[in-house]
Amino acid sequence: MATNETVYSLPQSEVKASANIGKVILVGAGPGDPDLLTVKALRCIQQADVIVYDRLVSNEIVELFPHHSERIFVGKEAGNHCVPQGDINQLLVSQALNGKLVVRLKGGDPFIFGRGGEELEALLPFKIPFEVVPGITAASGCAAYSGIPLTHRDHAQSVQFITGHLKEGKDQIDWSSLARANHTLVFYMGLNQSHVIRHKLSAYGMSLATPIAIIERGTSSQQRVHTGDLAQLESLAENAESPALIVIGSVTTLTHHLNWFQPDKAIDTSSYPKIYQYQATRKVS
């Protein structure tokens with residue numbers, strides 16, 4: 001979190017709607033590398049009155065925020081919500097009702113385990129207009145930067161994205177379907193559930209020798225890729241830091257041959273605001 005960031009404390013008083021209702025744009029920031037931002041995402045960021053963002057938005061992307069925008073850090077991570085989801089919803093509503101162009105910036109893609117749908121549903125009773133700008137989801141971006149093709153004719157004919165962060169007391173995962181061969185599994189937010197993942201998959205028939213990879217801080221200069229097999233999942237997870245993805249399947253063995261990304265040679269982003277300044281000339285509708 002950058003030094004000039006502030007954590008938003010939501011006021012309890014009800015905010016009255018202004019005559020000029022603003023707009024909320026739900027924007028995917030991608031997996032971390034600012035080069036993976038879409039042109040439209042960057043244009044929205046540059047024109048925002050308010051940017052509401054969380055822990056998965058990288059510092060390099062935060063550095064692209066314009067000086068005129070109010071920054072509100074809501075600091076969400078698995079098991080530790082700096083601002084509860086309900087308060088984030090109310091924050092988006094109150095800012096838009098005050099006539100602001102609000103960018104809700106989320107790591108990855110806002111509609112893939114990002115609660116983007118829940119936040120947009122909160123706007124509907126107030127008739128607040130909104131847009132969605134997709135982003136590169138972590139599974140795609142981090143796997144590509146690790147030399148792991150999620151599908152491959154010799155290894156996997158399908159891929160599944162699974163959240164490791166379930167609603168409390170509910171296991172909604174069909175483990176028997178996940179344990180079948182010839183496809184790739186990608187678990188988001190799964191480090192703290194690594195023991196459950198290993199136990200459930202092996203209990204439903206997946207071999208403990210199945211290759212796996214944990215991609216830590218993918219696409220960033222701190223990226224690390226831990227490889228092993230399903231039997232080692234818990235020990236590998238103990239040595240990894242969040243944010244991280246767990247990838248399970250034989251495609252992970254290809255990282256040893258296809259891992260092209262060199263984190264120590266990550267691009268210097270100090271000149272990005274000047275390079276991308278031209279993109280702000282097209283106004284967000």
Side-chain angles (χ1 to χ4, degrees), residues 31-32 55-56 76-80 107-109 111-115 117 136-219 223-259 261:
R55 186 182 67 98
L56 293 180
K76 291 179 62 178
E77 59 181 304
N80 180 21
D109 182 275
F111 274 6
I112 298 182
F113 306 129
R115 300 191 181 184
I136 294 177
T137 189
S140 176
C142 296
Y145 271 51
S146 303
I148 299 174
L150 295 177
T151 62
H152 188 292
R153 288 192 298 174
D154 294 332
H155 295 270
Q157 287 70 53
S158 63
V159 58
Q160 287 184 260
F161 300 163
I162 309 103
T163 176
H165 187 211
L166 302 175
K167 285 191 173 182
E168 190 172 349
K170 294 184 178 180
D171 184 351
Q172 301 162 312
I173 295 176
D174 181 359
W175 293 100
S176 61
S177 68
L178 297 186
R180 71 178 189 270
N182 300 321
H183 73 153
T184 305
L185 306 179
V186 183
F187 285 88
Y188 287 64
M189 302 167 287
L191 286 185
N192 293 335
Q193 299 296 320
S194 60
H195 62 292
V196 175
I197 295 170
R198 182 195 61 78
H199 171 72
K200 290 285 190 178
L201 290 176
S202 62
Y204 281 91
M206 181 177 284
S207 170
L208 288 173
T210 302
I212 67 167
I214 297 178
I215 307 170
E216 175 186 334
R217 302 183 186 276
T219 79
Q223 174 175 303
R224 293 196 301 166
V225 182
H226 311 263
T227 59
D229 56 37
L230 184 61
Q232 299 171 299
L233 178 56
E234 290 176 72
S235 61
L236 291 176
E238 288 176 357
N239 293 315
E241 294 184 4
S242 182
L245 290 174
I246 298 172
V247 185
I248 299 176
S250 63
V251 292
T252 61
T253 61
L254 297 174
T255 187
H256 303 298
H257 311 290
L258 305 180
N259 192 6
F261 179 57

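Since the structure is predicted, the reported quantities are computational estimates derived from the model, not experimental observations.
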(request) Kindly compute the distance separating CD1 (I246) from CD1 (I162), expressed to the nearest 0.5 Å. (result) 10.0 Å
Show me the donor-acceptor pairs, under 3.5 Å and distance only, between side chains in residues 211-218 and residues at least two apart or in other chains.
from, atom 1, to, atom 2, distance (Å)
E216, OE1, R224, NE, 3.3
E216, OE1, R224, NH2, 2.9
E216, OE1, H226, NE2, 2.9
E216, OE1, E241, N, 3.4
E216, OE2, R224, NH2, 3.4
R217, NH2, E241, OE1, 3.1

(message) Let me confirm one number: the CD-OG distance from Q160 to S177, rounded to the nearest 0.5 Å.
(response) 5.5 Å
(request) Report the distance from atom NE2 of H256 to atom CD1 of I148, rounding to the nearest 0.5 Å. (result) 8.5 Å
(message) Can you tell me how the ring of F187 sits relative to the ring of W175, calling it parallel under 30°, perpendicular over 60° and tilted otherwise?
(response) parallel
(request) State the OG-NE2 distance between S194 and H199, to the nearest 0.5 angstrom. (result) 13.0 Å
(message) Any side-chain to backbone donor/acceptor pair from Q232 onto D229? Under 3.5 Å, distance only.
(response) yes
(message) Could you work out, with salt bridge (charged side-chain N to carboxylate O under 4.0 Å, His left out) as the rule, every residue matching R180, not counting sequence neighbours?
(response) none
(request) Could you tell me whether the side chain of T255 and the main chain of S146 form a donor-acceptor pair under 3.5 Å? (result) yes
(message) Looking at L150, is its backbone amide N or carbonyl O close enough to the side chain of T184 to form a donor-acceptor pair, meaning the two atoms are under 3.5 Å apart?
(response) yes
(message) Strictly distance-based, threshold 3.5 Å: is any side-chain N or O of Y188 a donor or acceptor partner for the main-chain N or O of A139?
(response) yes
(message) When you compare the side chain of H155 with that of P149, does any pair of heavy atoms fall below 4.5 Å?
(response) no
(request) Measure the CG-CG distance between L233 and L208 for me, rounded to the nearest 0.5 Å. (result) 10.5 Å
(request) Rounded to the nearest 0.5 Å, what's the gap from OG1 on T137 to CD1 on I112? Could you check? (result) 4.0 Å
(request) Using modelled atom types only, decide if a donor and an acceptor are shared between the side chain of E234 and the backbone of R198 within a distance under 3.5 Å. (result) no
